[in-house]
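Working notes for the structure below.
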Amino acid sequence: MKITLTTLVAAMLLGACIGRVDAPPGENVEAYVPIYASATALENIEVTTVRSTTKAGKIYAYGNYIFQNELYEGIHIIDRSQAQPKKIAFLKVPFSTEVAVKGNYLYTNSVSDIVVFDIANPLQPTVVKRLKNAFPAVNQEYPPFSNVFFECVDPSKGIVVDWVLKTIPKANCRR
Amino acid sequence: MKKYIYPILFLSICIASLQCTKNSDSSFMATTGQGGSLARFAIAGNYLYTVDHEKLHVFNISDPANPVAKATVPIGFEIETIYPFKDKLFIGSTSVVHIFSITNPEQPQKLSTAISPAVLRRCDPVVAKDTVAFATLRTNTDCGGLQSILAVYDIKDITNPVQKFAYRVAEPYGLGYKDDALYVCDKDGLLVFDIKKPYELKQVGSLKDGSYVDVIPYNNTLICWVRAGVILYDISNPFTPQLITKIN
């Protein structure tokens with residue numbers, strides 16, 4: 001708790017600009033750490049058999065179908081046309097968090113890209129379009145909070161897919 | 001497998017048309033589906049609206065296979081949700097609700113910002129019904145220990161939303177309504193309210209089949225996002241949801 005307070009005071013003293021910290025605060029500070037994925041990992045889209053839900057995400061209803069996001073993994077496709085609604089397929093979309101449908105087309109994201117699927121056959125959705133960086137869900141330079149310390153982004157490690165609060169030995173960036 | 005698809009499709013269409021005759025006001029045949037109150041993607045007419053943490057993005061989807069970026073509108077900070085209602089968009093941030101007009105769908109215009117005087121932080125999802133808007137305002141210990149509430153706003157004058165009622169809840173998340181029943185996901189369960197008189201709404205029940213995050217009332221089915229997956233209820237009688245199944 002003391003560290004948090006020190007961090008806060010230090011942050012206030014440092015002002016509001018984003019930048020590298022010349023004199024890092026004490027050791028073991030609470031800071032946001034980027035989680036990386038490679039650009040090629042985002043291309044890894046496929047339809048698989050049903051799987052159990054582990055990190056249940058957002059839901060979307062469309063006709064007899066329900067789509068539920070599996071956080072950062074993809075989308076469960078549920079058919080409720082029968083008395084006992086059940087999963088019929090899993091659409092693997094790396095780092096997907098959102099879902100919406102119009103006509104026979106499903107919109108989701110893969111980190112910051114919007115990906116469009118043709119779901120005329122919900123057992124076999126196919127990619128019809130990818131809009132690069134159309135949904136800047138995760139900032140590539142800093143975490144979505146101000147007055148915080150964070151580990152500076154190293155673009156050579158890949159795309160930032162998330163920011164996680166951790167206690168790390170030294171935080172070299174702040175905003 | 002393929003030979004089963006046509007009978008299933010036929011059956012689905014039959015069920016669909018049956019449900020439609022039962023619910024003249026339903027959106028069942030509409031080509032757009034329905035999202036929850038915690039969504040960042042929303043479709044209104046031929047447009048897909050998305051919100052990131054700070055901006056609203058507009059895509060023309062007249063050709064649904066080929067979204068075309070049309071506009072980006074700066075909104076504020078810590079934006080979390082978007083909810084389409086008639087020709088409006090309700091955009092929830094951690095502190096306020098921004099209301100935009102999409103009369104001109106490619107150029108959303110800000111109409112107002114609803115602020116709850118009782119809550120400094122944690123204003124999240126919002127839904128609207130006629131001239132009333134409902135929002136859950138979740139506080140946590142970082143926010144001074146203020147009470148979380150279900151807030152009811154008069155939006156007759158959309159440029160000046162006025163909070164008319166507040167109901168204390170434990171730790172609320174998403175919400176949705178069917179007819180006069182409002183469903184609110186709360187730490188203590190799924191709370192069911194009678195909103196016939198929205199400014200004196202009454203809790204009439206609560207369900208405890210899971211840990212509820214958000215709801216989509218969809219015709220006669222209440223689709224619940226729970227931590228373990230999905231729970232479905234029959235809401236033919238909106239005040240007394242009947243469990244259909246859990247999908248984990």
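Keep in mind the model is a prediction, meaning the values are calculated, not measured.
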- [ ] Quick one: list whatever passes side-chain hydrogen bond (donor to acceptor under 3.5 Å, both in side chains) with A/Ser156, sequence neighbours left out.
- [x]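 side-chain hydrogen bond (donor to acceptor under 3.5 Å, both in side chains) check on A/Ser156 returns A/Asp154.
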Open item on the list: Can you list everything that forms a side-chain hydrogen bond (donor to acceptor under 3.5 Å, both in side chains) with A/Thr40? Sequence neighbours excluded, please.
Closed with: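 Testing A/Thr40 for side-chain hydrogen bond (donor to acceptor under 3.5 Å, both in side chains), a comparison that skips the adjacent residues, returns A/Ser38.
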Contact part of [X] toward chain A, heavy-atom cut-off under 4.5 Å: side chain, backbone, both or neither?
X	answer
B/Ala228	backbone
B/Ile61	both
B/Arg227	backbone

Open item on the list: Using side-chain heavy atoms (C-beta onward) and a distance below 4.5 Å, is A/Asn104 in contact with B/Pro64?
Closed with: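 Answer no - side chains too far apart.
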Task: pair B/Ile247-A/Lys86: side-chain heavy atoms closer than 4.5 Å - done: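 Counting from C-beta outward, B/Ile247 and A/Lys86 never come under 4.5 Å.
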Do you know which two heavy atoms are closest between [X] and [Y], and how far apart they sit?
X	Y	value
A/Ala56	B/Trp225	O-NE1, 3.2 Å
B/Pro67	A/Leu131	O-CD2, 3.7 Å
A/Pro85	B/Leu232	CG-CD1, 3.5 Å
B/Phe59	A/Ala134	CZ-O, 3.7 Å

- [ ] Kindly state whether the ring of B/Phe41 and the ring of A/Phe135 have centres lying under 6.0 angstrom apart.
- [x]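 Ring-ring flag for B/Phe41/A/Phe135: true, centres closer than 6.0 Å.
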Tell me, out of [options], who's got the most heavy-atom pairs with chain B below 4.5 Å.
options	answer
A/Ala100, A/Gly103, A/Pro136	A/Pro136
A/Val128, A/Val138, A/Ile66	A/Ile66
A/Gly57, A/Ser52, A/Ala83	A/Gly57

How long is the span from the [atom1] atom in [X] to the [atom2] atom in [Y], to the nearest 0.5 Å?
X	Y	atom1	atom2	answer
A/Thr97	B/Arg40	OG1	CZ	7.5 Å
B/Ile216	A/Tyr62	CD1	OH	14.5 Å
B/Ile223	A/Phe67	CD1	CZ	10.5 Å

Contact origin within [X] toward chain B - heavy atom pairs under 4.5 Å:
X	value
A/Ser112	neither
A/Tyr60	both
A/Ile59	both
A/Tyr107	both

Task: Pairs meeting criterion salt bridge (Lys or Arg N to Asp or Glu O under 4.0 Å) with involvement of residues 88-112 of chain A, two or more places apart - done: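 Found A/Glu46-A/Lys92, A/Lys58-A/Glu98.
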TODO: For each of B/Asp214, B/Val213, B/Thr245, tally heavy-atom pairs with chain A at distances under 4.5 Å, and name the one with the top tally.
DONE: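 Winner by heavy-atom pair count: B/Thr245.
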Open item on the list: Below 4.5 Å, heavy-atom pairs only: which of B/Val226, B/Val230, B/Thr72, B/Ile244 has the largest tally toward chain A?
Closed with: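 Between B/Val226, B/Val230, B/Thr72, B/Ile244, the count favours B/Val230.
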TODO: Select all residues of residues 45-55 of chain B having any heavy atom within less than 4.5 Å of some heavy atom of chain A, and report them by number, or 'none'.
DONE: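 Result: B/Gly45, B/Asn46, B/Leu48, B/Thr50, B/Val51, B/Asp52, B/His53.
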